[in-house]
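Here the structure comes first, spelled out in structure tokens, and everything after it is commentary.
Quick note on labels: first sequence line is chain A, next is B, and so on, each numbered from 1. Any value given below was found using the heavy atoms of this structure, including those in side chains, with hydrogens, waters and symmetry copies removed.
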Amino acid sequence: MPRNFKIQDKMTIDLIIRDKVLEAVEKLYEQKMPVESVQVQITRKEFEGDLTVIVFPFLRFSKKSPEQTAEDLGNYLLQNINEIDKFNVVKGFLNLGISSSYWLSVLNNAYANPDFGFKKASDESPLVMVEYSSPNTNKPLHLGHIRNNLLGYSLCEILKANGNRVVKTNIVNDRGIHICKSMLAWQQWGNGETPESSGMKGDHLVGKYYVLFDKEYKKEIAGLVASGMGNDDAEQNAPSIVAARELLRKWENKDPETIGLWKTMNGWVYKGFDVTYKKMGVDFDKIYYESETYIIGRDEVMRGLNEGIFYQKEDGSVWADLTADGLDHKILLRSDGTSVYMTQDIGTAKERFNDYTIDKMIYVVGNEQNYHFQVLSILLDKLGFEWGKGLHHFSYGMVELPNGKMKSREGTVVDADDLIEEMVHVARKTSEELGKLEGLPEHEAEETFRLIALGALKYFILKVDPKKNMLFNPEESIDFNGNTGPFIQYTYARIQSVLRKAAEQGIVLQPLDMNLDVAAKEQELIKKVVLFESVVEEAGNLYSPALIANYVYDLVKEFNQFYHDFSILKEENDQVRNLRLALAETIAKIIRSGMKLLGIGVVERM
RNA sequence: GCCUCGGUAGCUCAGUUGGAUAGAGCAACGGCCUUCUAAGCCGUAGGUCAUGGGUUCGAGCCCCGUCCGGGGUACCA
């Protein structure tokens, strides 16, 4: 797939060509055209050439056949651009051949720059705050959270690489009825069980009681219905839910015993989350807690009410009328004065903009909340925050299992910890079967298995367009061949192996001979190397780790063909060998950089 | 109902401002390790790009209709 990347305005040679094409049209056909009308793209592999100008748009000026027009332009460009050394015409396509020396200089540039493709941020650079992860503290993280965390982390890396200052933030949903449910279940049936006494990870332990609550609650409902109560009444009056509500009320009244239990159980969960976050390799610069920000949000809503921005119903509930914006009415405070999801998000946003001078706020949250963020933005704007309209919801698709959606309470989830362990297990097994890594110290081998396993998982998730829903089949998704993370890591390891051998043989890289005639395959590779810069930029503009993943795969696939067909160290022509080494080293660097943007580590051998 | 996103090979996914014969991986089949790592490379097979119209020199991509699917539309988060 040679054509999935935009090159326009990215490659200097491309700019020159556009310019000269305009000039040619002007001189040959006495017509002025806008720059946008010139289409320059990478020549498809089946055809000879490097860059292609599409001449169809010029036909109405040239009043000649496509072939003749292309000939005219080709001759003009050949004479007026040094870097072009040949051209051919196929129908309305003018294929231009760029000289070896141009490609060599481009490679040289990429090779010499240790931060190739990355822009540095300064104190003046835009500050972007990215919210991601946002867990509830009543259950462990699952596959859905994994996609969120990986996307969020990668997005931050990509934004940094594009010269932004980035603050990674997390909002922890640590209060509310769902938290009280697991607390209540633990009180009722826990017998004082702790992570220490049970040997269970804290988040899993709390999750167990959340599930238990639901089970008991459902039993109670069934019992009540059997004794003649209506279903709705039963749901409202089952002893467990009544008790949970009472617990929430106590929590809001700061009952010491309740607050104590809440702190204890949340503490268990945080410890568990820390382990999972660390395993995933994600982190945060600043963490906000809903238990703190919902108060700020409530105050803002009250202010809005006083200023007539919102209105109150007779039952005391507070609403926003969004019909003027083409939306509906939205509740902001319940009739009992307690706050809803929206309330805390208003407070969190305000707090963040107080804490930081934010140029861009990005929320990494699933697309099921598109409406929520549309409303949030409008509400903040109505409340007078000039940044309200500028919030950006990075909306990603859901992860589906072969049998449908994941539901925590019904146990149809793929647990994050389990999944990672399983992948490490498979990585270890595969590696041992292949007999790789023999002679490596145990802890180094273990670290390699971990990197490969995480590489497989992260790449699998990040390579798909964030906007789209994706399917995760636990049996089939654990793959280490083909378009996968390990395949890319493997290519990196191969290059490192070559470089080690080169060093052993005392081969030292020399400056490139700029007069060298570059062979077709090397030129193909150099062309892909150059694209890295524009891909990073494009990924930053479109907020898409998938672009990075697909590019790196494309590069690596091409390199493996080269590796198979040609020898690097055994090449007899010193200059050619030198070029191949420089190319391999540059490609390794890009693999490392690209993988870093995805939050994936590379391995020296595998 | 209304709003919104999607439908590309058996499966999972690419496919940039509309451009040449729609591409990968997996699965299937057949080749390639005395040669820098075979977690690799090469080949075969696999498509009415959901569907019907339209715009255009040119449509997987743009416009309209239809069918199918996801999500939203809660005093849940």
Side-chain angles (χ1 to χ4, degrees), chain A residues 1-8 36 39 41 43-44 46-47 52 54 56-57 59-60 66 90-93 95 134 136 173 176-178 290 313 315-319 326-328 330-336 338 340-342 344-345 366-372 374 395 397-398 400 402 405 427 430-431 433-434 436 452 456 460 463-465 467-473 476-477 479-484 486-491 493-502 505 534 538 542 546-547 549-550 553-554 557 560-571 580 584 605-606:
Chain A
M1 45 179 190
R3 285 158 52 246
N4 8 350
F5 304 110
K6 247 187 215 173
I7 54 162
Q8 74 183 36
E36 308 86 72
Q39 298 176 55
Q41 53 191 228
T43 305
R44 295 189 61 153
E46 314 87 272
F47 302 93
T52 295
I54 295 165
F56 292 108
L59 299 186
R60 59 200 181 102
V90 180
K91 289 189 267 183
F93 300 89
N95 302 319
S134 313
N136 291 334
N173 298 290
I177 190 73
H178 52 296
E290 183 187 332
K313 286 190 179 172
D315 61 9
S317 55
V318 179
W319 296 74
L327 302 175
D328 221 327
K330 185 76 189 175
I331 188 158
L332 301 175
L333 285 176
R334 296 190 186 99
S335 51
D336 64 2
T338 59
V340 293
Y341 182 45
M342 188 61 78
Q344 67 94 2
D345 255 348
N367 63 11
E368 66 222 339
Q369 293 186 31
N370 286 354
Y371 184 72
H372 173 80
Q374 196 186 349
S395 165
M398 317 189 12
E400 283 156 3
K405 275 190 82 168
T430 307
S431 190
E433 277 169 12
L434 292 170
K436 307 288 181 89
I452 294 170
F460 183 85
K463 75 174 173 183
V464 338
D465 183 344
K467 290 195 288 290
K468 293 190 177 171
N469 287 358
M470 63 176 292
L471 188 116
F472 187 91
N473 186 330
E476 293 173 13
S477 299
D479 202 338
F480 294 83
N481 301 311
N483 187 357
T484 66
F487 169 65
I488 292 164
Q489 290 168 318
Y490 175 69
T491 309
R494 276 177 141 185
I495 296 175
Q496 294 313 305
S497 174
V498 172
L499 296 177
R500 279 194 298 272
K501 290 222 159 75
Q505 294 171 24
S534 57
E538 194 78 350
L542 299 178
L547 287 182
N550 289 323
Y553 173 68
D554 195 38
K557 178 112 186 99
N560 273 310
Q561 290 168 357
F562 170 76
Y563 180 92
H564 179 266
D565 294 343
F566 300 91
S567 179
I568 298 170
L569 297 177
K570 293 202 176 104
E571 169 58 41
R580 288 180 183 170
R605 54 192 94 214
M606 69 182 274

**Request:** For the residue pair N367(A) and K467(A), establish whether any side-chain heavy-atom pair is separated by less than 4.5 Å.
**Result:**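 Heavy-atom side-chain distance check fails, nothing below 4.5 Å.
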Rounding to an integer number of angstrom, what distance separates [N] and [M] when you compare their [atom1] atoms?
| N | M | atom1 | answer |
| --- | --- | --- | --- |
| U21(B) | U17(B) | C1' | 23 Å |
| A38(B) | G31(B) | C1' | 13 Å |
| U4(B) | A45(B) | C1' | 40 Å |
| G6(B) | C64(B) | P | 14 Å |
| U8(B) | G15(B) | C1' | 9 Å |
| G60(B) | U51(B) | C1' | 14 Å |
| G69(B) | C32(B) | C1' | 44 Å |
| A50(B) | C13(B) | P | 16 Å |

Is [N] paired to anything, Watson-Crick or G-U wobble with both distances less than 3.5 Å, and if yes, which nucleotide?
| N | value |
| --- | --- |
| G58(B) | none |
| A28(B) | U44(B) |
| C67(B) | G7(B) |
| C36(B) | none |

**Item:** N173(A) versus H178(A), side-chain donor and acceptor atoms under 3.5 Å
**Value:**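 Not at all, the side chains of H178(A) and N173(A) share no donor-acceptor pair under 3.5 Å.
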**Prompt:** Do you see a donor-acceptor pair shorter than 3.5 Å between the side chains of S395(A) and N370(A)?
**Reply:**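 Short answer, yes.
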Is there any protein nitrogen or oxygen under 3.5 Å from a nitrogen or oxygen in nucleotides 31-37 of chain B, and what are the pairs?
residue, atom, partner, partner atom, Å
U35(B), O2', K570(A), NZ, 2.9
C36(B), O3', K501(A), NZ, 3.4
C36(B), O2, I568(A), N, 3.4
C36(B), O2, L569(A), N, 3.1
C36(B), N3, I568(A), N, 2.9
C36(B), N4, Y563(A), O, 2.5
C36(B), N4, F566(A), O, 2.1
U37(B), OP1, S497(A), OG, 2.6
U37(B), OP2, S497(A), OG, 3.3
U37(B), OP2, K501(A), NZ, 2.9
U37(B), O2', Y490(A), OH, 2.4
U37(B), O2', R494(A), NE, 2.8
U37(B), O2, K436(A), NZ, 2.9
U37(B), O2, M606(A), O, 3.3
U37(B), N3, M606(A), O, 2.9
U37(B), O4, M606(A), N, 3.3

**K557(A) side chain near A14(B) phosphate (N/O to OP1/OP2, under 4.0 Å)** =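 For K557(A), the contact criterion (side-chain N or O under 4.0 Å from OP1 or OP2 of A14(B)) is not met.
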Answer with base, sugar-phosphate or nothing: what part of the nucleic acid does [X] contact at a heavy-atom distance below 4.0 Å?
| X | result |
| --- | --- |
| N136(A) | sugar-phosphate |
| Q489(A) | nothing |
| N95(A) | base |

Short heteroatom pairs, N/O only, protein and nucleotides 2-13 of chain B, under 3.5 Å:
residue, atom, partner, partner atom, Å
C13(B), OP1, L471(A), N, 2.6

**Parallel, tilted or perpendicular: ring planes of F56(A) versus F93(A), cut at 30 and 60 degrees** =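 The rings of F56(A) and F93(A) stand perpendicular, inter-plane angle above 60°.
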**Message:** On RNA chain B, compare the nucleotides closest to Q344(A) and D328(A); which residue's is nearer the 5' end?
**Reply:**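 Comparing both residues, the 5'-ward one is D328(A).
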**First encountered from the 5' end of RNA chain B, between F93(A) and E400(A)** =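 Between the two, 5'-proximity favours F93(A).
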**Prompt:** F56(A) on top of G19(B)'s base, within under 5.5 Å and under 30°?
**Reply:**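 Whether judged by distance or by angle, F56(A) passes, so it stacks on the base of G19(B).
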**Request:** Determine if F487(A) stacks with A39(B); use a centre-to-centre distance below 5.5 Å and an interplanar angle below 30° as the criteria.
**Result:**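 It does not: the two rings, one from F487(A) and one from A39(B), miss the stacking criterion.
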**Prompt:** What's the CG-P distance between L434(A) and A38(B), to the nearest Å?
**Reply:**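 The answer, rounded to whole Å, is 11 Å.
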**Message:** For F472(A) together with F460(A), are the ring centres under 6.0 Å from each other?
**Reply:**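 Between F472(A) and F460(A), which both carry aromatic rings, the centre distance is below 6.0 Å.
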**Request:** Output the single nucleotide from G40(B), A20(B), A77(B) whose closest atom is nearest the side chain of Q369(A).
**Result:**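 For Q369(A), the side-chain atoms sit closest to A77(B).
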**Out of C26(B), G72(B), A20(B), whichever nucleotide has its closest atom nearest the side chain of K91(A)** =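 Between C26(B), G72(B), A20(B), the one nearest the side chain of K91(A) would be A20(B).
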**Asked** Hey, mind stepping through Y553(A) and F487(A) against ring-ring contact (aromatic ring centres under 6.0 Å, His included) and telling me if it holds?
**Response** CA-CA 9 Å; Y553(A) 173 68; F487(A) 169 65; 5.7 Å; yes
